[in-house]
Structures are given as C-alpha cells and as structure tokens.
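Side chains are part of it too, since the values below use all heavy atoms of this structure and drop only hydrogens, waters and symmetry mates.
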Amino acid sequence: QVQLVESGGGLVQAGGSLRLSCAASGRTFSRYTMGWFRQAPGKEREFVAAINRSGGGTYYADSVKGRFTISRDNAKNTSYLEMNSLKPEDTAVYYCSAKMGDYLYIRPHEYDYWGQGTQVTVSS
C-alpha cells in the first residue's frame, strides 16, 4: 500500500515556474514507477510525465517536453515535477501516481495509486 500526497501547486503568471512534490509513504518507493497526470475542467485525465524506479528513464507528453522535468529522490520517498515556461493551457489539477514495476507507463488505468491532486492555475 502506498499513500501519495502532492504539494506545490498554486497561481502563477504565464512564463512562470512551479515545482510540484509528491511524498510517498512506505519503504518500497524505489520499486515504483512514478507518474504525473493532469485534468482540466471538462477534460479527461491526461499523461504528463513518468520516471522509472532508478530515475534513469523518463518520458514526457509532447505538450510539456522541454518545459517540464520529472525527477525523484528515493532516499526521501519523493517525486518532483519542475514546471517552467508555464502556459494558461497548463491550468489543471495535477495528480501524482505510482505503479509497481519499471516500465514508463503512460495510461491512467495502468497506475495503482493516486494522490489527491494539487491545483495549478496559470494566468495570462
């Protein structure tokens, strides 16, 4: 069982930056691929980024490639999403997720555990 808690969301102007954190409970964090997803009002939850167990492999949605960076610190049981050059279309609730395994999963149904989400609002 893994519990995930996101933090770091907020209101930022276009072009600004935010860093989201996802703190995981338990002693098996390093066994999980970690993912970040987002969901805007009226839209389906969409994949943002994933990182494998060691942190050596990452994958990004085309819409965030070059602007967002996913990372993890297995000693701190924490995953991060650094978001730069934010755009109004990045506005959404951002969710952290975990899946036991080492593959870079990109579909929501592939993940076993989810956080409660953190709101990111980018003003124009």
Side-chain angles (χ1 to χ4, degrees):
Q1 190 78 11
V2 176
Q3 292 185 326
L4 304 173
V5 179
E6 302 97 335
S7 61
L11 174 64
V12 63
Q13 289 187 330
S17 299
L18 282 174
R19 188 194 197 201
L20 305 184
S21 298
C22 173
S25 65
R27 295 174 291 179
T28 59
F29 179 74
S30 61
R31 297 182 186 178
Y32 291 84
T33 284
M34 300 300 294
W36 285 93
F37 289 76
R38 66 187 181 186
Q39 189 166 17
K43 294 188 177 181
E44 293 187 351
R45 191 167 298 191
E46 66 170 353
F47 170 77
V48 174
I51 187 167
N52 69 353
R53 294 184 301 190
S54 68
T58 58
Y59 188 75
Y60 297 92
D62 288 343
S63 59
V64 307
K65 200 172 295 181
R67 300 188 298 122
F68 291 11
T69 302
I70 188 171
S71 62
R72 66 189 296 160
D73 185 336
N74 285 346
K76 295 183 178 180
N77 283 12
T78 302
S79 174
Y80 304 96
L81 186 68
E82 183 78 34
M83 306 186 295
N84 298 314
S85 302
L86 283 162
K87 305 175 182 179
E89 51 263 44
D90 294 318
T91 295
V93 177
Y94 282 71
Y95 296 91
C96 173
S97 57
K99 164 69 177 179
M100 185 169 284
D102 204 29
Y103 190 70
L104 294 171
Y105 309 96
I106 66 170
R107 298 174 181 82
H109 74 268
E110 295 176 311
Y111 284 83
D112 300 317
Y113 302 102
W114 293 87
Q116 82 289 348
T118 185
Q119 177 71 46
V120 171
T121 303
V122 184
S123 63
S124 57

Please check if the side chain of [X] supplies one atom and the backbone of [Y] the other of a donor-acceptor pair under 3.5 Å.
X	Y	value
S97	G35	yes
T118	E6	no
R72	F29	yes
T33	L104	no
E82	R19	no
T121	T91	no

Nearest 0.5 angstrom please: [X] [atom1] to [Y] [atom2], how far?
X	Y	atom1	atom2	result
N77	Y32	CG	OH	11.0 Å
Q3	Q116	CD	CD	10.5 Å
Q13	S124	CD	OG	9.5 Å
L4	S25	CG	OG	7.0 Å

Report task. Sort and list the pairs that fulfil disulfide bond (SG atoms under 2.5 Å apart) and have at least one residue in residues 95-124, not counting sequence neighbours. Result -> C22-C96
Query raised in the report: Which pairs with one or both residues in residues 32-64 pass disulfide bond (SG atoms under 2.5 Å apart), sequence neighbours excluded?
Result: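 Every candidate disulfide bond (SG atoms under 2.5 Å apart) pair involving residues 32-64 fails, so no pair, neighbours aside, qualifies.
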**Report entry** Smallest separation among heavy atoms of S17 and N84, with atom names
**Finding:** OG-OD1, 2.8 Å
Query - Minimum heavy-atom distance between A40 and A92, given as atom pair plus value - result: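 That would be N-CB, 3.9 Å.
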Same cluster for [X] and [Y] if Ile/Leu/Val/Met/Phe/Trp/Tyr side chains link at under 4.5 Å?
X	Y	result
W36	M34	yes
L81	V12	yes
Y113	V48	yes
F37	M100	no
Y80	L18	no

Requested in this report: Using the test ring-ring contact (aromatic ring centres under 6.0 Å, His included), find all partners of Y95 that sit at least two apart in sequence or belong to another chain.
Outcome: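 If we apply the ring-ring contact (aromatic ring centres under 6.0 Å, His included) test to Y95, skipping adjacent residues, there are no hits.
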Requested in this report: Answer yes or no: are there more than 12 heavy-atom neighbours, outside R31 itself, under 6.0 Å from its atom CZ?
Outcome: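 Atom CZ in R31 is not crowded, with 12 or fewer foreign heavy atoms closer than 6.0 Å.
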Name the atoms and distances for all side-chain donor-acceptor pairs under 3.5 Å in residues 55-64, with sequence neighbours left out.
| from | atom 1 | to | atom 2 | distance (Å) |
| --- | --- | --- | --- | --- |
| Y60 | OH | I70 | N | 2.9 |
| D62 | OD1 | K65 | NZ | 3.1 |

Report task. Name the orientation class of the two ring planes belonging to Y94 and F68 (parallel below 30°, tilted from 30 to 60°, perpendicular beyond 60°). Result ->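 Rings of Y94 and F68: tilted, 30 to 60°.
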Query - Non-hydrogen side-chain atoms of R38 and D90 separated by less than 4.5 Å - result: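 Answer yes - side chains close enough.
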**Report entry** Qualifying residues under salt bridge (charged side-chain N to carboxylate O under 4.0 Å, His left out), relative to D102, sequence neighbours excluded
**Finding:**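 With sequence neighbours excluded, D102 shows a salt bridge (charged side-chain N to carboxylate O under 4.0 Å, His left out) to R53, given in chain and number order.
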Requested in this report: Just jot down the salt bridge (charged side-chain N to carboxylate O under 4.0 Å, His left out) partners of R107, sequence neighbours excluded, or say none.
Outcome: E110
